[in-house]
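Excluded from the calculations below are hydrogen atoms, water molecules and symmetry mates; all remaining heavy atoms, backbone and side chain alike, are included.
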Amino acid sequence: MTDVSQANDGETRQSGTSNSGGTAGGGETTADKFKSQFASFKSQASDKARDYAGQGVTRATDALDEAARFLEDTARSVEEKMGPQYGRYGFSAAESVSGFADQLRGKDMDELVEDVRSFVRKSPAVAIGAAVGLGFVLARLAKAGIGYEANESSQRGQSAAPSAGGDTAPASPTTTPA
C-alpha cells in the first residue's frame with residue numbers, strides 16, 4: 001500500500017520518494033499550471049466584460065439622447081398648447097437626461113463601476129428597488145419579444161400556404177373596372 005500525501009510546495013510524494021508532479025526537472029506543478037490558466041481566463045473574462053459594458057454604455061447614451069429629443073419635442077408641443085410655464089418642465093427634463101448622457105459618455109469603465117459601488121453603499125434600498133424594476137422591465141421586454149417572434153412566424157406560415165377553406169384573396173384582381 002502506497003502512502004500519498006501533499007507537500008507544502010505542491011510536489012507529490014509516494015512511498016517516501018519525490019515525484020515532480022508530472023514535469024521533468026522539477027518545473028511547474030499542476031497547481032501552478034491551474035493557477036496560471038485561471039488567471040488567464042479571469043483576465044480574458046474581465047476584458048470581455050469591459051468590452052460588453054462599453055457597448056452597453058454606448059447604447060444607453062444613444063437611447064438617452066433619443067429620449068432627450070423626444071422630451072424636447074413633447075415640451076414644444078406642451079408649450080404651444082398649454083403655455084411656456086408647462087413647457088419649461090419638459091425642457092428641464094430633456095436637459096437633465098441629455099446632461100446625464102454626456103456624463104456617462106465622459107467616464108471610463110473604472111469610474112462607472114466605482115460610481116455604482118458608491119451609490120449602492122449609500123442607498124442599498126434604492127439600488128435593490130432599481131434592480132427589481134429593471135428586472136421587471138427586461139422580463140416584460142423579453143416576453144413581448146418572444147410573443148412578437150411567435151406571432152411573426154405564425155403569420156409567415158399562414159401567408160405561405162393558403163387555408164383549406166380557400167378564403168385567401170388573390171394577389172391581383174382578375175377583373176378590370178368598367
Side-chain angles (χ1 to χ4, degrees), residues 31-163 167-173:
D32 291 337
K33 288 180 186 179
F34 179 75
K35 288 177 185 178
S36 173
Q37 288 178 344
F38 181 75
S40 173
F41 289 139
K42 182 179 174 185
S43 174
Q44 289 173 358
S46 176
D47 291 343
K48 283 281 190 192
R50 285 183 187 276
D51 289 344
Y52 288 137
Q55 292 172 4
V57 167
T58 301
R59 288 181 184 151
T61 55
D62 291 345
L64 287 170
D65 287 337
E66 187 67 31
R69 282 191 291 274
F70 174 75
L71 287 171
E72 285 177 0
D73 292 344
T74 304
R76 275 190 211 94
S77 176
V78 167
E79 187 177 49
E80 290 172 2
K81 293 178 182 176
M82 302 176 112
Q85 68 274 17
Y86 295 108
R88 196 172 339 137
Y89 294 117
F91 286 118
S92 175
E95 187 177 312
S96 296
V97 170
S98 182
F100 180 65
D102 290 339
Q103 281 181 340
L104 214 57
R105 218 177 266 113
K107 292 187 177 188
D108 68 346
M109 290 315 301
D110 292 332
E111 288 176 315
L112 289 174
V113 168
E114 189 54 40
D115 287 350
V116 169
R117 283 183 181 160
S118 65
F119 176 76
V120 170
R121 284 185 195 122
K122 288 178 186 175
S123 4
V126 173
I128 290 171
V132 168
L134 182 62
F136 177 75
V137 168
L138 290 175
R140 296 293 292 175
L141 287 173
K143 186 177 180 182
I146 290 170
Y148 176 76
E149 288 175 2
N151 191 20
E152 283 289 313
S153 64
S154 69
Q155 285 180 354
R156 271 188 250 129
Q158 288 176 354
S159 66
S163 65
D167 58 344
T168 59
S172 61

dist Leu138:CG -> Phe136:CZ (nearest 0.5 Å) comes out at 11.0 Å
So NZ of Lys48 and OG of Ser46: to nearest 0.5 Å the spacing works out to 12.5 Å
Just wondering, are more than 12 heavy atoms of other shown residues or ligands nearer than 6.0 Å to CZ in Phe91? yes
Main-chain N/O of Arg88 paired to Ser92 side chain as donor or acceptor, under 3.5 Å: no
Considering only residues two or more places apart or on different chains, which pairs with a residue in residues 110-119 satisfy salt bridge (charged side-chain N to carboxylate O under 4.0 Å, His left out)? Arg50-Asp110, Lys107-Asp115, Glu114-Arg121
Determine which pairs satisfy side chain to side chain donor-acceptor pair (under 3.5 Å) with at least one residue from residues 57-76, sequence neighbours left out, and list them in order. Asp65-Arg105, Glu66-Arg69, Asp73-Arg76
Rounded to the nearest 0.5 Å, what's the gap from CD on Gln103 to OG on Ser98? Could you check? 10.5 Å
In short, Glu79 meets Pro84 closest at the heavy-atom pair CG-CA, 3.7 Å
Quick one: closest heavy-atom pair of Leu64 and Ala101, and the distance? CB-CB, 3.7 Å
For Lys35, give me all partners under side-chain hydrogen bond (donor to acceptor under 3.5 Å, both in side chains), at least two apart in sequence or on another chain. none
Give the minimum heavy-atom separation between Gly87 and Ala75, together with the two atoms involved. O-CB, 3.6 Å
Report yes if the side chains of Gln44 and Phe41 come closer than 4.5 Å at any heavy-atom pair, otherwise no. yes
